[in-house]
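All remarks here apply to the structure that follows.
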Amino acid sequence: MAQYDAIGTQYDVIKKTPFNKLEQFNFRKHIEPFLQRHGTKVLDLACGTGFYSSLLLEWGASFVVGVDISSPMVNAAEARIAETPYASQARFVQGNGLIPQEYSAENNGFDVVSGAWFLNYASNLDQLASMFRTISANLNSNGVFIGICMHPTDDLESFASGVNNSAWAQTGVHYKFGNVLPRGIGFPIRVFGSVSPDSKVEFGTFHLKKSLYEQAARVGGMAGRIVWQNCEFLGETWREEIGLQGDDDGWRSLQEYPLLCTLLVWKE
């Protein structure tokens, strides 16, 4: 995606925000149990600068292949992993998740496909189904996709209104919903991340209906269970960190309109 060629490592601003602490906590909780099995191989789609690729290895994966559409992102991921103890356990390639392709050199599939903010770049059902075809093509028969996704709901208009009036900016990341997409399938979103006035990033993405995700998974070859794990919030220390310790309405707005969830879909 061309926007990330320009953004490059600037994207890592988001990884320094309190929002990322919440995101990372939820992602780790649901993916780490799958990484503890001996010899677990992971395909990390939309790997970006390799932030989660490195953590997947730290959390127990035996080998990770990271794929991103942006060559500057891939270069940044290679530079990141080179500074860790896991350099020999990872490789990174440029690729487009909208074009189904097998990334396993051994052609026997991956145990886990991860997608930390991968599916949200689909703007319609066909694109979403193509992403699931990429996932399905790379998983072994017992494999599972685990991704960080937008909150699952079909009532996106109410959700968009709630988010636009919420206190999420306090976490360093907030969304601004645009005009509804044709046939009411979802919304385009501008994502804003910031840790200071001089350290910020902005990019575009999409929030589609929950039912489209589930339909696309089936069309894309994922026949197993679909499990949505809603965002679990951190405690009072995190609430104080984002400055909402005395703001019950603001704190409630985060929980009523969460910006993320973890999606698990089994291939069979």
Side-chain angles (χ1 to χ4, degrees), residues 14-15 17-35 45-46 51-52 55-56 59 112-122 128 131-132 135 144-177 184-187 189 191 193 205-218 222 224-242 244 247-267:
I14 284 184
K15 305 308 181 186
T17 62
F19 179 92
N20 182 257
K21 292 183 181 180
L22 179 68
E23 172 190 295
Q24 190 178 146
F25 168 76
N26 280 270
F27 192 45
R28 180 174 186 172
K29 177 178 180 178
H30 296 294
I31 200 169
E32 188 171 28
F34 294 92
L35 306 179
L45 294 173
F51 179 83
Y52 279 115
L55 285 177
L56 292 169
W59 296 340
V112 174
V113 172
S114 68
W117 303 118
F118 169 56
L119 297 176
N120 51 288
Y121 291 105
L128 199 52
M131 290 178 170
F132 275 110
I135 293 166
V144 61
F145 167 78
I146 306 173
I148 303 171
C149 297
M150 301 294 189
H151 177 70
T153 180
D154 279 339
D155 186 8
L156 282 175
E157 290 192 13
S158 295
F159 186 80
S161 176
V163 169
N164 282 345
N165 293 286
S166 72
W168 275 104
Q170 295 284 112
T171 72
V173 173
H174 70 283
Y175 301 169
K176 184 162 289 188
F177 285 71
I185 64 171
F187 286 85
I189 299 172
V191 180
T205 184
F206 299 92
H207 191 173
L208 303 183
K209 288 184 173 182
K210 174 187 177 183
S211 56
L212 261 69
Y213 277 79
E214 296 178 348
Q215 182 182 352
R218 299 310 188 212
M222 301 291 283
R225 286 188 298 148
I226 298 175
V227 177
W228 297 92
Q229 298 286 0
N230 288 332
C231 180
E232 181 177 331
F233 281 81
L234 299 172
E236 288 300 315
T237 300
W238 187 75
R239 180 175 176 176
E240 291 177 10
E241 182 180 353
I242 61 176
L244 293 179
D247 184 353
D248 289 343
D249 289 339
W251 181 243
R252 192 178 303 113
S253 75
L254 303 191
Q255 297 173 75
E256 290 179 351
Y257 303 102
L259 296 191
L260 62 94
C261 77
T262 309
L263 172 62
L264 294 87
V265 187
W266 279 260
K267 183 171 182 179

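Ring geometry, Tyr175 versus Trp117: the interplanar angle exceeds 60°, so the pair is classed perpendicular (tilted spans 30 to 60°). Using cut-offs of 30° and 60° on the angle between ring planes, the pair Tyr213 and Trp228 is perpendicular.
The closest donor-acceptor contact from the side chain of His207 to the backbone of Leu259 lies at 3.5 Å or more, if one exists at all. The backbone N or O of Ile14 sits less than 3.5 Å from a side-chain atom of Thr17, completing a donor-acceptor pair.
A salt bridge (charged side-chain N to carboxylate O under 4.0 Å, His left out) check over residues 20-34, counting only residues at least two apart or in different chains, returns the pairs Lys15-Glu23, Lys21-Glu241, Arg28-Glu32, Lys29-Glu232. The salt bridge (charged side-chain N to carboxylate O under 4.0 Å, His left out) contacts involving residues 248-267 comprise Arg239-Asp248, Asp249-Arg252, where partners must be two or more places apart or lie in separate chains.
Of all heavy-atom pairs spanning Thr205 and Met150, the tightest one is CG2-CE, 3.7 Å. Contact between His151 and Pro258 at its shortest, heavy atoms only, is CB-O, 3.2 Å. Asn120 approaches Ile148 most closely through the heavy-atom pair OD1-O, 4.5 Å. Annotation for Leu208 and Ala122: closest pair CD1-O, 3.5 Å, computed over non-hydrogen atoms. Nearest heavy-atom pair across Leu56 and Leu35 is O-CD1, 3.6 Å. For the pair Cys231 and Leu260, the tightest heavy-atom approach, listed with the atom from each and the gap, is CB-O, 3.2 Å.
Phe19 has its side chain out of reach of Ile242: every pair of non-hydrogen atoms, C-beta onward, lies at least 4.5 Å apart. Contact annotation: the side chain of Trp168 approaches that of Leu254 to within less than 4.5 Å [non-hydrogen atoms, C-beta and beyond]. In this structure, the side chains of Leu264 and Arg225 stay at 4.5 Å or more apart for every pair of heavy atoms. Two residues are said to be in side-chain contact when any heavy atoms from C-beta on lie closer than 4.5 Å; Tyr52 and Trp59 meet this criterion.
Atom CD in Glu214 sits 9.0 Å away from atom CZ in Phe132 (nearest 0.5 Å). Distance check, rounded to the nearest 0.5 Å: NZ of Lys210 to CG of Leu156 gives 11.5 Å. Atom CG in Leu234 sits 5.5 Å away from atom CZ in Phe25 (nearest 0.5 Å). The CD1 atom of Ile135 lies 5.0 Å from the CG atom of Leu119; values are rounded to the nearest 0.5 Å. Taking CG of Asn165 as the start and OH of Tyr257 as the end, the distance is 8.5 Å to the nearest 0.5 Å.
Screening Phe177, Phe159, Phe206 for a side-chain contact (heavy atoms from CB on, under 4.5 Å) involving Phe187 leaves a single residue, Phe177.
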Thr171 vs Leu22, test: side-chain contact (heavy atoms from CB on, under 4.5 Å). Steps then yes/no. CA-CA 9 Å; Thr171 72; Leu22 179 68; over 6 Å; no

CA sep, side-chain torsions, deciding dist, call: Asn26, Thr262, side-chain hydrogen bond (donor to acceptor under 3.5 Å, both in side chains): CA-CA 7 Å; Asn26 280 270; Thr262 309; 5.1 Å; no

Given side-chain contact (heavy atoms from CB on, under 4.5 Å), test Ile226 with Arg218 step by step and report yes or no. CA-CA 10 Å; Ile226 298 175; Arg218 299 310 188 212; 3.7 Å; yes

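For Glu157, the CD atom sits in a loose shell: 12 or fewer heavy atoms of surrounding residues, nucleotides or ligands are nearer than 6.0 Å.
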